[in-house]
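Data block below; observations after.
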Amino acid sequence: MGFFGQNASFAQGDYSVADAGNYKCILVDVEMVQRPSFDDPAVMEPNFRWRFETAEVGDENGNPFRFSQFTKTSYGYDMAKLTKLLDGMLGRRLTQDEFARLDLEDLKSRHWSVAVDLVHTARGREINTILGVKPWQTKAQPVKKLAKPPVEDDITDPFED
């Protein structure tokens, strides 16, 4: 066995990569993490990490697919990732008061349609990236038309005899 086989491990990640598409998911968690600033990578900034898991499909071992989205912590700017994510999830822009009262447990209790893409990193690794999140819509049931009762009027049937 070679040097690396004895002294190192091969990291494969703890979850499988899904094909590009839309998945029915649940919001598992939103956690505060520190990530390098875009302007200065030496400076760490607070970010939210949104974690979704598939609710109906999974990998070959039956484990759900997992998707993560990092956002800053500021809501309201049109180009902010947090604004885009929440506006897509809730279908509209929130007021300052609505944002302050937003219930994370309510968001976790719902199903979400998570659109993901399959991309390759600069190192050649395949990963999923979230394109958007919307409420999960169950397919509308076709409307059944009620049969109209026959119209009874005073006309007699000429062929009746």
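Computed from heavy atoms alone, side chains included, the values below leave out hydrogens, waters and symmetry copies. For this chain, numbers begin at 1 and follow the sequence in order.
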Glu98 versus Leu94, closest heavy-atom pair with distance: OE1-CA, 3.4 Å
With rounding to the nearest 0.5 angstrom, report the CZ to CE distance, Phe48 to Met32. 4.0 Å
Is there a path of hydrophobic side-chain contacts, each under 4.5 Å between heavy atoms of I, L, V, M, F, W or Y residues, that connects Leu102 with Leu82? yes
Who passes side-chain contact (heavy atoms from CB on, under 4.5 Å) against Gln96, sequence neighbours left out? none
Can Leu85 be reached from Val114 by stepping across I, L, V, M, F, W or Y side chains whose heavy atoms are under 4.5 Å apart? yes
Any chain of hydrophobic side-chain contacts (each under 4.5 Å) joining Ile130 to Phe70? no
According to a 4.5 Å side-chain heavy-atom criterion applied to Ile, Leu, Val, Met, Phe, Trp and Tyr, with indirect links allowed, do Leu104 and Trp136 form part of one hydrophobic cluster? no
Indicate yes or no: at least one non-hydrogen side-chain atom of Phe38 is less than 4.5 angstrom from one of Val43. no
Pairwise salt bridge (Lys or Arg N to Asp or Glu O under 4.0 Å) hits with a residue in residues 75-84, at least two apart: Asp78-Arg93
So which pairs with a foot in residues 107-119 pass side chain to side chain donor-acceptor pair (under 3.5 Å), sequence neighbours left out? Asp106-Arg110
Any pair counted as ring pair (Phe, Tyr, Trp, His ring centres under 6.0 Å), so long as it reaches residues 72-94, sequence neighbours left out: Tyr75-Phe99
Provide the closest heavy-atom pair for Pro36 versus Pro41 in the form atom of the first, atom of the second, distance. CB-O, 3.5 Å
Sub-4.5 Å side-chain heavy-atom contact between Leu118 and Glu126: yes
Same cluster or not: Leu90 versus Leu131, using hydrophobic residues (I, L, V, M, F, W, Y) connected whenever any side-chain heavy atoms lie under 4.5 Å apart? no
side-chain hydrogen bond (donor to acceptor under 3.5 Å, both in side chains) between Ser68 and Trp50, worked out: CA-CA 5 Å; Ser68 292; Trp50 299 75; over 6 Å; no
For a side-chain hydrogen bond (donor to acceptor under 3.5 Å, both in side chains) with Ser16, tell me which candidate from Asn63, Asp59, Asn128 qualifies. Asp59
Which heavy-atom pair separates Gly88 from Pro135 by the least distance, and what is that distance? O-CD, 3.6 Å
So among Val116, Val133, Ile127, Thr129, which one has a side chain to side chain contact (heavy atoms under 4.5 Å, CB included) with Phe67? Val116
Pairs in or reaching into residues 34-46: which pass salt bridge (Lys or Arg N to Asp or Glu O under 4.0 Å), with residues at least two apart or in two chains? Glu45-Lys72
Ala80 and Ser74: which non-hydrogen atoms are nearest, and at how many Å? CB-O, 3.8 Å
Validation row: Ser37, Met44 side chains within 4.5 angstrom (heavy atoms): no
Taking only distance into account, with no hydrogens and no angle test, what donor-acceptor pairs under 3.5 Å do side-chain atoms of residues 18-27 form with protein atoms, sequence neighbours excluded?
residue, atom, partner, partner atom, Å
Tyr23, OH, Asp19, N, 3.4
Tyr23, OH, Asp19, O, 2.6
Lys24, NZ, Glu56, OE2, 3.3

